[in-house]
Peer 1: 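Quick one: this structure, given as structure tokens, is what I'll be asking you about.
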There are 2 protein chains.
Amino acid sequence: MTQNLDQTFASLGDPTRRQILIMLLEDDMAVTDVAEPFDISLAAISKHLQILTRAGLISQEKRGRVIWCKLQMHAMRDAAIWMESFGQLEQVNLDVFEAFLKDQTIRFD
Amino acid sequence: MTQNLDQTFASLGDPTRRQILIMLLEDDMAVTDVAEPFDISLAAISKHLQILTRAGLISQEKRGRVIWCKLQMHAMRDAAIWMESFGQLEQVNLDVFEAFLKDQTIRFD
DNA sequence: AACGAATTTAACTATATAATAAAATAGACT
DNA sequence: AGTCTATTTTATTATATAGTTAAATTCGTT
């Protein structure tokens, strides 16, 4: 669980990888096509794709000599859930704090 | 923008740092108190806090000889917005795809 | 001034990422 | 078999993280 979040968040911490994910939103892509818009080598892209795969953010499937990259939403969803929960906890605490302030106001006015 | 997301996501990719953020949800804390529940050295925690500060996920304020760490939500909110937008884009595309499929059905049946 | 507490910095080691260029695989095609 | 295409692997370099211990810094207090 924790380890997955580690890899998911770490993967998202790179702009090239985020851009790749956005590209894959439109459609599945071959590695070569993923690499096309970038100024870095194909080997570098290949490694980024490995990292994304390890994190579960994409999957790769070989058909013939082409490897197709496909977006996988569950990993990112888990990360989003972590963040949302975090936000809600803050929400709760703010509410508690507000209640506390109101309580104070009533008592001291 | 991109650089901030880089640092925010990268920061979240470490379980110690995520745990620290959760602790700070309850209240601001001194560096020593942040370090207390962990089995690693104070120096290591100090570096994690530097990374969190650089990412804008927390702020540090020195009062006397104590440095207080305070959660800052905007950075994480930006990251959450990126993820939410991402999810919505997928939503939109699925809708478009569904419409496309329906269109096909009408035309070929 | 001196002591002790809170925190960082320095020096060091190990590991992961990011990138490159060049060589190696693997599959399709003639 | 040989060639072209798609992709990975290897070797290499540079940088960042994660951790350690030990020394340095900064304040508050006596």
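Each chain gets a letter, A, B and so on, in the order its sequence line appears, and its residues count up from 1.
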Peer 1: Indicate, with a heavy-atom threshold strictly under 4.0 Å, whether A:Lys47 touches base, sugar-phosphate, or nothing.
Peer 2: base

Peer 1: Less than 4.0 angstrom between a side-chain N/O of B:Ser46 and OP1 or OP2 of C:dT8, yes or no?
Peer 2: yes

Peer 1: Check the distance between D:dT17's C1' and B:Leu49's CG and give it to me in whole angstrom.
Peer 2: 15 Å

Peer 1: Looking at the side chain of B:Ile40, which of D:dT9, D:dG19, D:dA18 is the nearest nucleotide?
Peer 2: D:dG19

Peer 1: How many whole angstroms separate atom CZ of A:Phe9 from atom C1' of C:dA16?
Peer 2: 19 Å

Peer 1: Could you grab the distance from atom NZ of A:Lys70 to atom CG of A:Asp27, nearest 0.5 Å is fine?
Peer 2: 8.5 Å

Peer 1: Classify B:Arg54 by what it touches in the nucleic acid, base, sugar-phosphate, or nothing, heavy-atom distance under 4.0 Å.
Peer 2: sugar-phosphate

Peer 1: Any chance you could measure A:Ser59, atom OG, to A:Leu52, atom CG, to the nearest 0.5 Å?
Peer 2: 11.0 Å

Peer 1: The side chain of B:Arg65 is closest to which nucleotide in this list: D:dT17, C:dA6, C:dT9?
Peer 2: C:dA6

Peer 1: Measure the spacing between CG of A:Asp28 and CG of A:Asp33 and express it to the nearest 0.5 Å.
Peer 2: 11.5 Å

Peer 1: Given that B:Ala43 and A:Gln50 both sit by DNA chain D, which one's nearest nucleotide is further toward the 5' end?
Peer 2: A:Gln50

Peer 1: Provide, to the nearest angstrom, the distance between the CG atom belonging to B:Leu42 and the P atom belonging to C:dT9.
Peer 2: 12 Å

Peer 1: Per the side-chain contact (heavy atoms from CB on, under 4.5 Å) rule, which among A:Leu49, A:Leu57, A:Asp14, A:Leu25 passes with A:Ile20?
Peer 2: A:Leu49

Peer 1: Over how many whole Å does the gap from B:Gln60 atom CD to C:dT8 atom C1' extend?
Peer 2: 11 Å

Peer 1: Of the nucleotides C:dG27, D:dG19, C:dT17, which has the atom closest to the B:Thr16 side chain?
Peer 2: D:dG19

Peer 1: Checking all strands, does A:Ala30 fall into the base, sugar-phosphate, or nothing category for heavy-atom contacts under 4.0 angstrom?
Peer 2: sugar-phosphate

Peer 1: Check the distance between C:dT7's P and B:Ile51's CD1 and give it to me in whole angstrom.
Peer 2: 18 Å

Peer 1: Over how many whole Å does the gap from B:Asp14 atom CG to C:dT15 atom C1' extend?
Peer 2: 14 Å

Peer 1: Given D:dA18, C:dT7, C:dA18, identify the nucleotide with an atom nearest to the side chain of B:His48.
Peer 2: D:dA18

Peer 1: Atom SG in A:Cys69, atom NE2 in A:His48: separation rounded to 0.5 Å?
Peer 2: 13.0 Å

Peer 1: Looking across every strand, which nucleic acid part, if any, lies under 4.0 Å from A:Arg63 by heavy atom: base, sugar-phosphate, or nothing?
Peer 2: nothing

Peer 1: If you only use heavy atoms from C-beta on, which nucleotide in D:dT8, D:dT21, D:dC27 is closest to the side chain of A:Val31?
Peer 2: D:dT8

Peer 1: Rounded off to whole Å, could you give me the CH2-to-P distance for the B:Trp68 and C:dT8 pair?
Peer 2: 14 Å

Peer 1: If I take atom CD1 in residue B:Ile45 and atom C1' in nucleotide C:dT7, what distance separates them, rounded to the nearest angstrom?
Peer 2: 13 Å

Peer 1: Between A:Arg17 and C:dA18, is there a side-chain N or O to OP1/OP2 distance below 4.0 Å?
Peer 2: yes

